[in-house]
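Working notes, beginning with the structure itself.
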2 protein chains.
Amino acid sequence: MLDVARVAQVSIATVSAFVNGSANVSPAATQRIEGAIRTVGYQRNAVARSLKLGRTHTVGLTVPHITNPFFTEVVSVITQAFDRAGYAVMLFCTDEHLSNQDEQIRLLLERMVDGLIVARVGEDERFRSIVGATKAPFVLIDRLCEGVDADAVVLDNRTAVAEAVGYLTGLGHRRIAYVAGGTGISTMQERAAGYRAALEEAGLAFDPALVRLGDFHEMDGYAAAMQLMTLPDRPTAVFSANNPMVVGVMKALRDLGLNCPKDVSVACFDDFPFADVFHPQMTTVRQPVQAIGEQATALLLERIAGTAASEPRRLTLRGRLMIRGSCAPPSGWAAQSA
Amino acid sequence: MLDVARVAQVSIATVSAFVNGSANVSPAATQRIEGAIRTVGYQRNAVARSLKLGRTHTVGLTVPHITNPFFTEVVSVITQAFDRAGYAVMLFCTDEHLSNQDEQIRLLLERMVDGLIVARVGEDERFRSIVGATKAPFVLIDRLCEGVDADAVVLDNRTAVAEAVGYLTGLGHRRIAYVAGGTGISTMQERAAGYRAALEEAGLAFDPALVRLGDFHEMDGYAAAMQLMTLPDRPTAVFSANNPMVVGVMKALRDLGLNCPKDVSVACFDDFPFADVFHPQMTTVRQPVQAIGEQATALLLERIAGTAASEPRRLTLRGRLMIRGSCAPPSGWAAQSA
DNA sequence: TTGTAGGCGTTATCAC
DNA sequence: GTGATAACGCCTACAA
């Protein structure tokens, strides 16, 4: 900018005024400055600008796994939404790992991001202290954090799972297995509650033997399904509360020579692009990814702009059951009901 | 930091020395500073630090679509690799849109990123001028750019496609359709060349009627397959040069009541997590995503550190044909060859 | 071992 | 309309 000023034979203040349109600059000076900018190849330094202005026009985004199709889509929506607003987003994957998250948020805060969108992982306590120590606005997505009064956009997980499991009971299933990960997370507790609610609704007893809790990974789903399907009285349906695990479940069925949906019905949480392309076409609970991403972005942008009411806002969206081909009445069911 | 210095009753320079471990600080001062840091909740300001040091410890990453499973995985690997190196990465999706890319790179450069990894989109000319105008190091992934001497890590697309199509001819297919997007991109030209090479190798004539060029989208793949499969002499196999389009292809087959692989064999470029979970299990060309991401990161990091030789390095990796269930000999083939 | 001072590139506040 | 000049928060000689 100093160079530009020299070449254009004006003061650096005038160049700044021109670049930001903050004051009227004479046509003559304008022309000289424009020329000078081109000749020196000037580009304004956002770092210096941020230091002075106290805003970076950058936000942080942390998610557990970007390869989880739900997060892939949410990240996609969020990055594009912020892009449109002229913001850059720094992305981090916590890999469901607590220490990663702490360090990444520290890094982000140190870089003076204007705000953060966080799909939290791990215990509430540590996260709470981090949030408490900063003035940067947070928006929680997917997972809440008890005791943290931040804006949030989440799903009504309980209802969503209840609907899906209710669909299975409606089909006639009486032994419905439940496969999930990470018990310490709000999302998972709600989903488990939805499972139990649907069972109760159908007058079915909750059987702990049909519940398998793993660690979000495909192999956990595989192991879970292997155990479940070799039970003496094996379940006729399985609901996976997350997407990576259902992959393992399907592979287990394949290795066991079990056909879906003929031998066992399967449904899972989180839709994915290939869900209706191959066989069986998967019945899933679809989250409104577009809305989640856009609302979270809007919430954070308002917070940054300071136009938001001071009390935290909590948006709870509804999932949608995508009924496809992976669920059928249990074999022998027609006979029973006849 | 000024506050910390005041509370600890030392100079700001001493605090800086302590924070960076750049000089010996007396135990007494250390203790007072540590206490002061806690009481004022000090966190170092990376923006000011960057301004002074001229390095942001931040890199930019732009890809066409993060929802394309290939890019999802590459982005995942790259973000984690930079994370380990203490770097933040700013992510942008160009959405295959030229003006987006220009603007995003401008934004990134303005933010003084230490370097960029770019999966380029669009014409070479504009990209070339952008690259030429900056001193920030670039690393190209997936797609090269003629006339740009930047580091790059790409795939041997020609060989990879030739192998896949060769597999189809080996199965006995004589009419193999080719579905692809974006002709202006190095990747796509190489893949098309691989297709023709395999045909030639098998002594098959190139038939323009079997080639459908769309725009990377699922619906383009759908339209292409609809046209191809209603041809009087329809192909017995189709190879999709990208992943989104093959989804459309499969949906078209389904809507046409055509079975894969019985009626028509399908293979495509880019592997995806669900490829071997459902039926048909998709035969794909798998790119070494892990290696691509890690090599690109290493290249950029070396460039940033200044430890790299000045001439640009070009890494060309090999794809791997993942043979699964979506390809079979054409119906009637056994009879013909007998 | 510790302190003082200058400057990184901007923007904002004044005078002129 | 334009130009000095003082911050923004940090780092780094250099001096003490």
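Residue-level contact check: B:Ala29 touches the backbone only, with heavy atoms under 4.0 Å from sugar-phosphate atoms and none from bases. B:Thr14 comes within 4.0 angstrom of sugar-phosphate atoms only, judged by non-hydrogen atoms across all strands, and of no base. Heavy atoms of A:Gln43 sit under 4.0 angstrom from primed sugar atoms or phosphate atoms, though from no base atom. Residue B:Val47 is classed as having no contact, given no heavy-atom separation below 4.0 Å to the nucleic acid. Counting non-hydrogen atoms under 4.0 angstrom, A:Ala46 reaches nothing in the nucleic acid. Note on B:Leu51: a base of the nucleic acid sits closer than 4.0 angstrom, heavy atoms only.
Residues A:Met1 and B:Asn24 both approach DNA chain C. Their nearest nucleotides, taken by heavy-atom distance, put B:Asn24 toward the 5′ side. Along DNA chain D, the nucleotide nearest to A:Ser26 and the one nearest to A:Ile12 differ in position, and the one closer to the 5' end is contacted by A:Ser26. Residue whose closest nucleotide on DNA chain C sits further toward the 5' end, between B:Arg32 and B:Leu53: B:Arg32.
In this structure, CE of B:Met112 is placed 11 Å from C1' of C:dT10, rounded to the nearest angstrom. Note: NE2 (A:His57) to P (C:dT10) measures 17 Å, nearest angstrom. Rounded to an integer number of Å, the gap from B:Gln31 CD to C:dT1 P is 17 Å. With rounding to whole Å, A:Phe18 atom CZ is found 17 Å from C:dA12 atom P. The CZ atom of A:Arg55 sits 11 Å away from the P atom of C:dT11 (whole-angstrom rounding). Rounded to whole angstrom, the span from the CG atom of B:Leu2 across to the C1' atom of C:dG3 amounts to 13 Å.
Listed pair A:Asn20 / C:dT11 meets the phosphate criterion, a side-chain N or O lying under 4.0 Å from OP1 or OP2.
For B:Asp114 and B:Arg55, the salt-bridge test fails: no basic side-chain N is under 4.0 Å from an acidic carboxylate O.
Checking A:Asn24, A:Ile37, A:Val10 one by one against A:Phe18, the side-chain contact (heavy atoms from CB on, under 4.5 Å) holds for a single residue, A:Ile37.
Annotation: side chain of A:Ile117 is in contact with side chain of A:Ile78 (closest heavy-atom distance under 4.5 Å).
A donor-acceptor contact shorter than 3.5 Å links the side chain of A:Thr56 to the backbone of A:Met112.
Considering only the side chain of A:Tyr42, C:dT10 comes nearest among C:dC8, C:dT11, C:dT10.
Here the range on DNA chain D touched by chain A, meaning any atom under 4.0 Å from one of its heavy atoms, is D:dG1 to D:dG9.
When only modelled atom types and interatomic distance are considered, B:Arg49 and B:Asn20 share a side-chain donor-acceptor pair under 3.5 Å.
Atom CD1 in A:Ile130 sits 10.5 Å away from atom CZ in A:Arg120 (nearest 0.5 Å).
Relative orientation of the B:His57 and B:Tyr87 rings is parallel, given thresholds of 30° and 60° on the angle between their planes.
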